[in-house]
Amino acid sequence: QTPNPKPQTPNPLYMKYFKLKGRISDFMNIAKIRLSFMNAMMPISGLYAVTENLDYRICFSLIIGNFCLASSSQIMGQIYEQKQDSIMERTKNRPLITKNISNKEAIIFSLSTFIIGNTTLLISLPLKSVIVSNMAFLLYYIYLRGKQRTPFSLYLGAIVGVLPII
């Protein structure tokens, strides 16, 4: 009889790669990068409406800053709505629900993107623009708190959606 061959153990570097890939995917998921990117692109249309000569440095700063603020608000929304997300079929596999990302990690990630976004905007844009971007962030949080309680929060959500263009 031939002895059973010794099972091969996976390469540790290979396993670390897939673990890291999964973590990155979880953080991208919690930030809702596609939605955040679309939100970040909206202010360019407002900028184009008021000026003919677009400064690409300002456009880049506007996109990066608003992308980070939008990501931060998406993360905070998922932290806030964990109870509802755990019940719904569509949202029950989100990283916070499955515990792939802890609440502490999500809060740190949200605060980091918030700080990076504001810093990027403050470096290249007037203070008024930064204030409007932060108003959208604040109103989104108020919208989240109200959407389970009253249908009027839908109007607040619409204001949040239009603020990046302004």
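The analysis underlying the following values was restricted to heavy atoms, covering all of them including side chains, and did not include hydrogens, waters or symmetry mates. The residues of the chain are indexed from 1 along the displayed sequence.
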request  = Scan for salt bridge (charged side-chain N to carboxylate O under 4.0 Å, His left out) pairs involving residues 22-32, sequence neighbours excluded, and state none if there are none.
outcome  =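 Found Arg23-Glu105.
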
Residues clustering with Ile123 (ILVMFWY side chains joined when closer than 4.5 Å, directly or via others)
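Its cluster mates, by chain and number: none.
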
Check your understanding: Is there any ring pair (Phe, Tyr, Trp, His ring centres under 6.0 Å) pair reaching into residues 95-134, and which pairs are they, with sequence neighbours excluded?
Key ->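 Those involving residues 95-134 are Phe27-Phe109, Phe114-Phe137.
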
[X] [atom1] to [Y] [atom2] distance, which is reported to the nearest 0.5 Å:
X	Y	atom1	atom2	result
Cys68	Ile63	SG	CD1	12.0 Å
Leu69	Ile64	CG	CD1	11.5 Å
Asn134	Asn118	CG	CG	4.0 Å
Ile33	Ser25	CD1	OG	9.0 Å
Ile24	Asn29	CD1	CG	13.5 Å

Taking side-chain contact (heavy atoms from CB on, under 4.5 Å) as the definition, give me every residue that meets it alongside Lys104, ordered by chain and number, with sequence neighbours left out.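 Result, side-chain contact (heavy atoms from CB on, under 4.5 Å) vs Lys104: Ser102, Ile108.
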
Q) Do Pro126 and Ser129 come close enough that some side-chain heavy atom pair is under 4.5 Å? A)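 The answer is yes; the side chains approach within 4.5 Å.
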
Report yes if the side chains of Ile97 and Arg94 come closer than 4.5 Å at any heavy-atom pair, otherwise no.
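Yes, side chains in contact.
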
Determine yes or no for a side-chain-to-main-chain donor-acceptor pair under 3.5 angstrom, with [X] supplying the side chain and [Y] the backbone.
X	Y	answer
Asn66	Leu62	yes
Thr119	Ile115	yes
Gln82	Ile79	yes

Between [X] and [Y], what is the shortest heavy-atom contact and its length?
X	Y	result
Ala70	Asn39	CB-OD1, 3.9 Å
Lys92	Thr98	O-CG2, 4.0 Å
Ala106	Ile75	O-CG2, 3.3 Å
Ser36	Ala31	OG-O, 2.9 Å
Gln78	Ile30	NE2-O, 2.9 Å
Pro43	Ala40	CD-O, 3.1 Å

Notebook entry, point to check: Can you list every side chain to side chain donor-acceptor pair (under 3.5 Å) pair that touches residues 108-117, not counting sequence neighbours?
Noted result: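 For residues 108-117, and leaving out neighbouring residues, the side chain to side chain donor-acceptor pair (under 3.5 Å) pairs sorted by first residue read Ser72-Ser110.
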
Is it true that [X] and [Y] fall in one hydrophobic cluster, defined by side-chain heavy atoms closer than 4.5 Å?
X	Y	result
Ile107	Ile101	yes
Ile116	Met41	no
Leu127	Ile58	yes
Met135	Val130	yes

With a sphere of 6.0 Å drawn around CE of Met38, does it hold more than 12 non-hydrogen atoms of other residues, nucleotides or ligands?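 Atom CE in Met38 is not crowded, with 12 or fewer foreign heavy atoms closer than 6.0 Å.
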
With a 6.0 Å cut-off (strictly less than), is the heavy-atom count around OH of Tyr80, excluding the residue itself, greater than 12?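 It does: Tyr80 OH has more than 12 such atoms within range.
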
message: Could you work out, with side chain to side chain donor-acceptor pair (under 3.5 Å) as the rule, every residue matching Ser61, not counting sequence neighbours?
response: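 Partners of Ser61 by the side chain to side chain donor-acceptor pair (under 3.5 Å) criterion, ordered by chain and then number, come out as Ser124.
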
